[in-house]
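One structure is given below, encoded as structure tokens.
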Amino acid sequence: QVQLVESGGGLVQAGGSLRLSCTASGRAFSSYVMGWFRQAPGKEREFVATWWSVGSTYYADSAYYADSVKGRFTISSDNAKNTVYLQMNSLKPEDTAVYYCAAKRGGYSTNGNDYGNWGQGTQVTVSS
């Protein structure tokens, strides 16, 4: 099991940027596939990005993004800090949601039901 804590949410104007952090406690951080999901009010949870390691290293091209955020969001990690980041640029009002970090064993997935470990979520609000 791994415990996840997100931070970095807030209020930002359209076109602005935020960086979310997800810090994992527990062992073998790099053995997990990490994912970011979001849920807007009245909507279902949706996939944002996922990131997996090759060996024990996360590479920039070992990531997959939802079409809605591709080119604007970038996932990265600092293994020494057991932390995954989601850099969000050119934010739009439709990006407003609670953002969740999640972790799973095995292969990457865009289905939240495949992830067994979740953080508490952090609110991102983008004003127009």
Side-chain angles (χ1 to χ4, degrees):
Q1 286 285 350
V2 62
Q3 290 75 47
L4 305 173
V5 178
E6 302 101 330
S7 62
L11 173 65
V12 64
Q13 288 188 330
S17 298
L18 282 175
R19 188 178 77 161
L20 305 183
S21 300
C22 172
T23 300
S25 61
R27 297 180 293 179
F29 166 69
S30 63
S31 69
Y32 286 87
V33 172
M34 305 300 294
W36 285 98
F37 294 80
R38 66 187 182 186
Q39 187 166 20
K43 295 188 176 181
E44 293 189 352
R45 181 180 60 198
E46 67 171 343
F47 165 75
V48 175
T50 185
W51 173 251
W52 60 92
S53 65
V54 178
S56 60
T57 302
Y58 291 95
Y59 295 97
D61 57 359
S62 296
Y64 182 77
Y65 300 90
D67 287 343
S68 59
V69 307
K70 200 173 295 181
R72 300 188 298 122
F73 290 12
T74 303
I75 195 169
S76 63
S77 70
D78 184 336
N79 281 16
K81 297 181 179 180
N82 277 13
T83 298
V84 174
Y85 304 99
L86 185 68
Q87 178 66 44
M88 306 186 296
N89 299 328
S90 302
L91 282 161
K92 305 174 181 180
E94 50 264 43
D95 294 318
T96 295
V98 177
Y99 283 71
Y100 297 91
C101 175
K104 69 179 297 291
R105 297 282 197 179
Y108 84 93
S109 174
T110 62
N111 186 340
N113 293 330
D114 293 335
Y115 288 76
N117 302 276
W118 290 84
Q120 82 287 354
T122 185
Q123 176 70 47
V124 171
T125 303
V126 184
S127 63
S128 57

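The distance from atom CG of Asn113 to atom CZ of Arg45, rounded to the nearest 0.5 Å, is 5.5 Å. Here the OG1 atom belonging to Thr50 is positioned 11.5 Å from the CG atom belonging to Asn111, to the nearest 0.5 angstrom. Between the CG atom of Leu86 and the OG atom of Ser77 there is a distance of 12.5 Å, given to the nearest 0.5 Å. The line from OG of Ser25 to CD of Gln1 is 10.0 Å long, rounded to the nearest 0.5 Å. Separation of atoms CZ (Arg105) and CG (Asn117) is listed at 8.5 Å; rounding is to 0.5 Å. With rounding to the nearest 0.5 Å, the separation of OG in Ser128 from CD in Gln13 is 9.5 Å.
Formation of a donor-acceptor pair under 3.5 Å by the Tyr115 side chain with backbone atoms of Ser109 is found in this model. Panel note: side chain Glu6, backbone Thr122; no donor-acceptor pair is recorded below 3.5 Å.
In this structure, Tyr108 and Tyr64 have tilted ring planes: the angle between them lies in the 30° to 60° band.
Contact detail for Gly8 and Leu18: the closest heavy-atom pair is O-CD2, 3.9 Å. When all heavy atoms of Asp114 and Lys104 are compared, the closest pair comes out as O-CE, 3.5 Å. A pairwise comparison of heavy atoms in Arg38 and Asp95 identifies NH1-OD1, 2.9 Å as the closest pair. The minimum heavy-atom distance between Tyr65 and Ala49, with the atom names listed, is CD2-CB, 3.6 Å. Considering all non-hydrogen atoms of both residues, Gly9 and Leu20 come closest at N-CD2, 3.6 Å. Of all heavy-atom pairs between Val5 and Gln120, the closest is CA-OE1, 3.7 Å.
Crowding of Lys70 atom NZ: a count of heavy atoms from other residues, nucleotides or ligands under 6.0 Å exceeding 12.
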- [ ] Apply side chain to side chain contact (heavy atoms under 4.5 Å, CB included) to the pair Leu91 and Phe73, showing each step before the final yes or no.
- [x] CA-CA 9 Å; Leu91 282 161; Phe73 290 12; 3.8 Å; yes

TODO: Apply the test side chain to side chain contact (heavy atoms under 4.5 Å, CB included) to residues Met88 and Val69: give CA-CA distance (whole Å), side-chain angles for both, the deciding distance (0.1 Å), then the verdict.
DONE: CA-CA 8 Å; Met88 306 186 296; Val69 307; over 6 Å; no

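When the side chains of ILVMFWY residues are joined at heavy-atom separations under 4.5 Å, either directly or via intervening members, Val124 and Val84 end up in a single hydrophobic cluster. Residues Tyr85 and Met34 are members of separate hydrophobic clusters, defined by side-chain heavy-atom contacts under 4.5 angstrom among Ile, Leu, Val, Met, Phe, Trp and Tyr.
At a threshold of 4.5 Å between non-hydrogen side-chain atoms, the residues Trp36 and Cys101 count as touching.
In the model, Thr125 has no side-chain atom that pairs as donor or acceptor with a side-chain atom of Thr96 under 3.5 Å. Between the side chains of Ser17 and Asn89, at least one donor-acceptor pair of N or O atoms lies under 3.5 Å.
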